[in-house]
Amino acid sequence: MSKHGSNNAEARGAKIRQSWFRSLADSDMTLGWMFSLPFLILWAWWFLYPFIQSFVRSFQDANFANLDQAKFIGLENYIAILQDKEFFRAVLHSLQIVVLSVPIQTLLGLLLALVVNQNLKGKGMFRTVFFLPYITSQIAITTVFMMLFKKGTFLTDFFGMLGFGNVTWFADTNYALLFVCILFIFQQAGFTMIVYLSGLQEIPKDLYEAGEIDGASKWHKFRYITVPSLRPITFFIVSVSTITGFQIYDQIAAISRYGALGSPAGATSTVVTYFYQHGIRYMNIGYGSAAVVLFFFIIMFITFLQKKLLDEKG
């Protein structure tokens, strides 16, 4: 090949490369990856890498103080956990918190969003007031609620008239977990309200106008326009609230600060407190890591069921 032909081939190759890079730079996919890359790096560093570490540790007899002496023991940690009644008790408590709290706080958040979405005076102030508990210290709110739910206060007297015991709720084994659920609902409702509010404002007004022309009542517009339009938002809220409910720790730590974690008498023990007790306090990081791995798969399974349920209703 002549020198002239070689130069032409190189020039064509350079133009092709330039064209390829230009089309790549202009594509939406490239732009999306550029925006997503920082998040993916942080996600890999803060979640994926620690999870892989925990997964590996779960097959080891590893003490937190002597990690270099860890030894492989296979499935012994998992077998021991699945034979421990305290683990199943902790899982049951976590499930009770989620099953009781998530539907209530989801419905409450939706109702609050519907209210503050109206043309009301001072609705900005109401939004702030409702959202404030979500950004307030969980320890601080728990401490205040502990004062409000002591025996003989107006709240325990009021609930006593409704058939509940006039007792110090957080110190009673029959009411301590319910007390945690009330705390969770109070703190999460503001977050749910804000997310639903953003969803309500994205629904096209044309849909409601068409419903009015067809003679739809307010209930029918809510049932057949608002609820279906908010289905993706609902799935997001339920999923996030479920994960948050399983991860409750600060409230329980505040209740248990004068006793063992999970007080009174283990009535507020959860999967997270179970991991903390064994993995951190007892320094058995291998056993604690096995509990974390099981915890992860429990959440994944429940999230999958929620998705299936919402898809079937859709």
Side-chain angles (χ1 to χ4, degrees), residues 17 20-58 67 94 97-98 101-102 105-106 109-110 112-113 127-128 130-139 141 184 187-203 229-251 253 270-272 275-276 279-280 285 288-311 314:
R17 287 193 294 271
W20 185 81
F21 280 117
R22 189 178 295 112
S23 62
L24 185 65
D26 292 339
S27 69
D28 292 337
M29 182 179 294
T30 303
L31 189 63
W33 277 108
M34 287 176 61
F35 281 109
S36 302
L37 192 60
F39 165 77
L40 292 173
I41 292 172
L42 291 175
W43 177 82
W45 179 256
W46 290 108
F47 174 78
L48 184 61
Y49 176 66
F51 179 76
I52 293 173
Q53 274 194 320
S54 296
F55 185 74
V56 173
R57 292 290 184 196
S58 69
L67 291 177
S94 294
I97 291 172
V98 169
S101 303
V102 172
Q105 69 90 19
T106 301
L110 176 58
L112 290 175
R127 292 176 186 177
T128 303
F130 292 142
F131 186 69
L132 198 58
Y134 181 73
I135 59 175
T136 304
S137 166
Q138 296 176 355
I139 299 292
I141 290 180
F184 180 73
Q187 291 179 288
Q188 285 292 121
F191 166 77
T192 304
M193 176 200 71
I194 292 298
V195 178
Y196 266 133
L197 186 61
S198 66
L200 287 171
Q201 293 175 349
E202 291 296 320
I203 300 175
S229 299
L230 292 177
R231 187 169 287 110
I233 302 290
T234 300
F235 173 70
F236 170 77
I237 289 172
V238 171
S239 298
V240 170
S241 299
T242 297
I243 294 171
T244 305
F246 272 109
Q247 292 177 336
I248 281 181
Y249 177 80
D250 289 348
Q251 299 91 325
T270 62
V271 177
V272 174
F275 157 73
Y276 183 87
I280 307 300
I285 194 66
S289 296
V292 168
V293 172
L294 289 174
F295 176 42
F296 171 78
F297 284 111
I298 288 171
I299 290 180
M300 290 293 292
F301 178 69
I302 291 175
T303 304
F304 171 77
L305 290 180
Q306 290 171 344
K307 181 71 166 60
K308 290 287 288 183
L309 182 62
L310 286 174
D311 286 345

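Just so it is clear, the model here is predicted, and its values are computed rather than measured.
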With sequence neighbours left out, write down each residue that passes side-chain contact (heavy atoms from CB on, under 4.5 Å) with [X], or none if nothing qualifies.
X	value
A113	M193, Y196, L197, L200
S94	F246, T270, V271
I139	S137, T143, D250, A254
E202	none

Could you pull out all residues at least two apart from [X] that satisfy ring-ring contact (aromatic ring centres under 6.0 Å, His included)?
X	value
F235	none
F236	none
F130	none

>> For a 4.5 angstrom cut-off between non-hydrogen side-chain atoms, does V195 reach I233?
In response: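 A side-chain contact under 4.5 Å exists here.
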> Restricting to pairs with a member in residues 37-52, which pass side chain to side chain donor-acceptor pair (under 3.5 Å), not counting sequence neighbours?
Replying inline: Y49-Q53
[X]: side-chain hydrogen bond (donor to acceptor under 3.5 Å, both in side chains) partners, not counting sequence neighbours:
X	answer
T106	none
T244	none
Q105	T192, S241
S58	Y78

